[in-house]
Amino acid sequence: MRVAVGNDHAGYPLQAPLIELIKSSGHQVVNFGTNNEDPVDYPGFAAKVARAVRDGQADLGVIICGTGIGSSIAANKVEGVYCALCSDPYSARMARRHNNANVIALGARVLGPDLATDILRAFLESQPSNEPRHARRRQQVQQIETGNELAQE
Ligand code: RB5
């Protein structure tokens, strides 16, 4: 897979360990930076990763900021991007299996490198479930996104 990575200054401390994990798992990295701890604004980096996934330049995306919150909000503004903010491996696994998340957000001021690596590994190794109920729910989310929302019971 090609995995897009982007972070702000607060996320930079996790950049190297997560890129190392992606590469050692046999995937390619598309790094959008930032590549140091000089302060920058997170939305632009999150958008670059999100657009790379939307446009097919990357299969999955990883965005890192201080909490992961701002980046996840920004990424989810891009149509076709489903970004999950995760702080544990179980949620990362479920984000892929149940929600078909294609971008993961991580908080470098929340997580140490070992836990962040475990979380990203779970995300990369998991596949979307093809069970009909999950596919139906994902479709309902897409309908909200495109304005074709059906009345829910
Ligand atoms: C930067 O100080 C911080 O606000 C940012 O990295 C992120 O946590 C925003 O959600």
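All ligand and atom numbering here is 1-based and tracks the order in the structure. In this text, all values refer to a predicted model and were calculated from it rather than measured experimentally. In this chain, residues are counted from 1 in sequence order.
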Using a strict 4.0 Å cut-off to heavy atoms of Gly66, name the atoms of ligand 1 that fall inside it. 5 (C), 6 (O), 7 (C), 8 (O)
Does the N or O separation between [X] and ligand 1 drop below 3.5 Å for any pair?
X	result
Tyr42	no
Gly68	no
Arg109	yes

Among all protein non-hydrogen atoms, which one is nearest to [atom], and what is the separation to 0.1 Å?
atom	answer
atom 6 (O) of ligand 1	Asp8 OD2, 2.6 Å
atom 7 (C) of ligand 1	Cys65 SG, 3.4 Å
atom 10 (O) of ligand 1	Gly70 N, 2.8 Å
atom 8 (O) of ligand 1	Thr67 N, 2.9 Å

Could any protein non-hydrogen atom be found less than 4.0 Å from atom 4 (O) of ligand 1? no
Find out whether Pro113 and Leu14 are in side-chain contact, i.e. whether some heavy atom of one side chain is under 4.5 Å from a heavy atom of the other. yes
So do the side chains of Tyr82 and Gln142 get within less than 4.5 Å of each other, counting heavy atoms only? yes
Examine the proximity of ligand 1 to Ala10 and report which part, side chain or backbone, both or neither, has a heavy atom under 4.0 Å away. side chain
Counting only heavy atoms not in Asn35 (residues, nucleotides, ligands), do more than 12 fall under 6.0 Å from its CG? yes
Atom CZ of Arg96: over 12 foreign heavy atoms under 6.0 Å: yes
Pair Ser91-Asp88, side-chain donor/acceptor within less than 3.5 Å: yes
Hydrogens and angles aside, do Asn148 and Gln143 bring a side-chain donor and acceptor to less than 3.5 Å of each other? no
What distance separates Asn31 CG from Ile19 CD1, expressed to the nearest 0.5 Å? 4.0 Å
